[in-house]
Each structure stands twice: as C-alpha cells, then as structure tokens.
Peer 1: 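Right, I'll just put the structure down here and ask away after.
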Amino acid sequence: MHILIVEDEVKIAEYLAKGLNESGYSTAIAENGVRALSCLQQQSFDLVLLDVMLPDLDGWQVLHTLRTFSQIPVLMLTARDHVLDRVKGLELGADDYLTKPFSYIELLARIKSLLRRVPRLEQEAYQVSDLVLNRLKHEVYRNVQKIDLSQKEFALLQLLMEHQGQVMTRSQIASMVWNINFNTDTNVVDVAIRRLRSKIDDHYTPKLIHTVRGMGYKLDECP
Ligand code: CA
C-alpha cells in the first residue's frame with residue numbers, strides 16, 4: 001500500500017512517513033499542493049493524507065482538482081474541528097478527517113479503515129428498492145423524489161446502505177458516523193435513526209430501516 005503525504009511542515013511529514021513505513025506502508029511526501037497533484041497524476045497511490053493548511057493551493061483546492069481525475073481515498077488533516085470544514089470537505093469528496101493534534105494510533109486506525117473500504121468507495125451510488133444514494137453528488141432519492149438529509153443523516157444512511165442486510169450495532173454506528181466510541185449513551189443513534197426514518201421511510205413502502213432488537217439496525221428490502 002502506497003500513501004502520499006501532503007504536508008508542508010517537514011517535521012510532521014517525516015514523522016508521519018517514518019511511522020507509516022514502520023507500520024508496513026510505503027510513502028511519498030509532497031510538500032505543496034502543486035507537487036501533490038503532479039505526483040497523483042504520475043504515480044499510483046492507495047490513499048492520500050492531505051493537510052488543509054498548505055502554502056500555495058490549500059488542501060481544499062487540491063481535493064477539488066484531485067476529484068476531477070481520481071476517486072482515491074482522501075484523509076484530510078484539519079487544524080481545527082470545525083463543522084463547516086467537515087461539510088466543505090465532504091462536499092468536495094473527502095473520505096475522512098482528523099483534527100490536529102491527533103495520535104498516531106488514531107491515524108493508523110483511520111487509514112486501515114479507509115483502505116478496507118476501498119472497493120466500496122469506488123462505488124458512486126447505492127440502491128435498495130427505490131431508495132438511491134449518490135455518494136459523489138451527495139443526493140438521496142426515494143421513489144424518484146429528492147430527499148434533503150443533514151450531514152449526519154447522509155453519513156448514517158450511506159453506512160447502512162454500504163452494509164445492506166447486515167446488522168450495524170449502535171456502537172458501530174456511533175463510532176463510524178460520529179467518530180466517537182461511547183457505550184453509555186447510544187440514544188444519539190436512536191434519535192438520528194428516527195429522524196432518518198421520518199424522511200426516507202415513514203411515507204413509503206416497503207420500510208427499509210429495520211430495528212434488530214437488542215442488537216442495532218439494518219437496512220434491507222425485507223426485515
Ligand atoms: Ca501544513
């Protein structure tokens with residue numbers, strides 16, 4: 001697995017490269033956005049670590065251009081945890097985020113998870129019954145009617161559609177949609193599922209989101 005690190009701060013870039021090499025990944029470093037784009041056009045990579053704060057083209061501009069020619073998984077490294085940054089990143093096609101400062105352990109976990117998802121990330125749209133989710137256009141339709149979802153509702157629906165027919169536990173959903181690991185209060189998940197159902201299921205048949213008692217939720221044409 002070959003990872004491109006796009007980071008202008010040499011020490012951080014080298015620290016990341018060293019860690020990733022020790023974890024069994026090969027790496028290349030691009031110290032600015034122009035270099036990053038030319039590397040990505042000339043060589044084959046499996047994942048990009050993309051810092052938002054770069055000197056010439058910033059990370060958003062790099063991502064925007066990258067998405068015109070590649071669907072490679074992109075993990076954005078953002079300086080602060082700002083909701084607007086996340087929304088902007090998702091609209092531009094980022095796959096995940098880490099807010100600086102982050103632990104190397106967490107970075108590695110996110111990278112592994114993204115690389116596992118690679119075959120699915122290639123998929124542009126998901127369809128179950130008459131429910132369609134277009135990941136690239138960030139659009140959802142049920143029975144050809146466009147449905148507006150919040151950021152988290154969209155992420156939640158995408159997760160369920162990617163795992164059609166599989167039970168997703170509340171803690172899996174919490175960690176994959178909210179990036180939090182909590183065992184105490186999974187009410188957040190239940191509330192979000194309720195809101196999602198009211199938009200994509202309540203007025204339609206068949207019902208697609210099913211509660212699996214004592215376990216979690218799954219999305220499928222039949223319970
Ligand atoms: Ca930087």
Side-chain angles (χ1 to χ4, degrees), residues 1-118 120-122 135-138 150-152 154-155 158-159 174-181:
M1 289 291 185
H2 196 33
I3 296 177
L4 180 65
I5 301 165
V6 188
E7 168 64 270
D8 58 309
E9 286 159 77
V10 179
K11 276 188 179 168
I12 296 179
E14 285 175 352
Y15 165 79
L16 293 174
K18 184 166 177 284
L20 290 171
N21 294 344
E22 283 168 6
S23 304
Y25 299 99
S26 63
T27 54
I29 296 174
E31 69 281 7
N32 62 52
V34 175
R35 278 289 302 265
L37 288 170
S38 84
C39 285
L40 286 159
Q41 277 165 332
Q42 287 160 21
Q43 295 178 47
S44 169
F45 291 93
D46 298 292
L47 185 138
V48 184
L49 285 184
L50 179 56
D51 187 36
V52 171
M53 300 292 284
L54 294 168
D56 45 4
L57 297 175
D58 68 19
W60 308 122
Q61 293 168 302
V62 173
L63 179 61
H64 182 71
T65 306
L66 174 63
R67 283 294 178 248
T68 62
F69 65 89
S70 169
Q71 288 306 316
I72 184 172
V74 174
L75 174 54
M76 300 289 294
L77 306 177
T78 62
R80 59 190 191 285
D81 191 8
H82 196 285
V83 165
L84 282 177
D85 276 1
R86 286 169 175 259
V87 172
K88 188 174 175 181
L90 196 102
E91 282 172 353
L92 288 172
D95 298 288
D96 203 355
Y97 308 81
L98 261 184
T99 307
K100 288 178 173 177
F102 50 82
S103 73
Y104 179 72
I105 301 287
E106 180 166 23
L107 175 73
L108 196 58
R110 298 288 185 89
I111 287 174
K112 283 183 179 166
S113 150
L114 277 178
L115 290 173
R116 270 199 304 273
R117 279 163 50 193
V118 166
R120 285 200 299 270
L121 283 171
E122 299 296 326
R135 197 177 62 79
L136 299 183
K137 292 184 182 163
H138 202 72
S150 73
Q151 171 80 6
K152 287 298 178 195
F154 188 91
Q158 183 178 334
L159 178 72
S175 79
M176 292 167 97
V177 176
W178 282 268
N179 291 322
I180 39 174
N181 294 298

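Not measured: the values here are computed from a predicted model. Atoms within each ligand, like the ligands themselves, are counted from 1 in listed order.
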Peer 1: From the N, O or S atoms in Asp51, identify the one nearest to the Ca ion (ligand 1).
Peer 2: OD2
Peer 1: Excluding sequence neighbours, so at least two apart, what forms side chain to side chain donor-acceptor pair (under 3.5 Å) with Thr65?
Peer 2: none
Peer 1: State the atom name: nearest N, O or S atom of Glu7 to the Ca ion (ligand 1).
Peer 2: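 Minimum-distance N/O/S atom of Glu7 relative to the Ca ion (ligand 1) is OE1.
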Peer 1: With a 4.0 Å cut-off, would you call Asp95 and Arg67 a salt bridge?
Peer 2: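 Looking at Arg67 together with Asp95, the answer is yes, because their closest N to O distance falls below 4.0 Å.
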Peer 1: Which residues pass the ring-ring contact (aromatic ring centres under 6.0 Å, His included) test with His64, sequence neighbours left out?
Peer 2: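 By the ring-ring contact (aromatic ring centres under 6.0 Å, His included) rule, His64 matches no residue at all.
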Peer 1: Identify the heavy atoms of Leu77 and Asp51 that sit nearest to each other, and give their distance.
Peer 2: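 That closest heavy-atom pairing would be O-OD1, 3.2 Å.
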Peer 1: Could you tell me which N, O or S atom of Asp8 is nearest to the Ca ion (ligand 1)?
Peer 2: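 That would be atom OD1.
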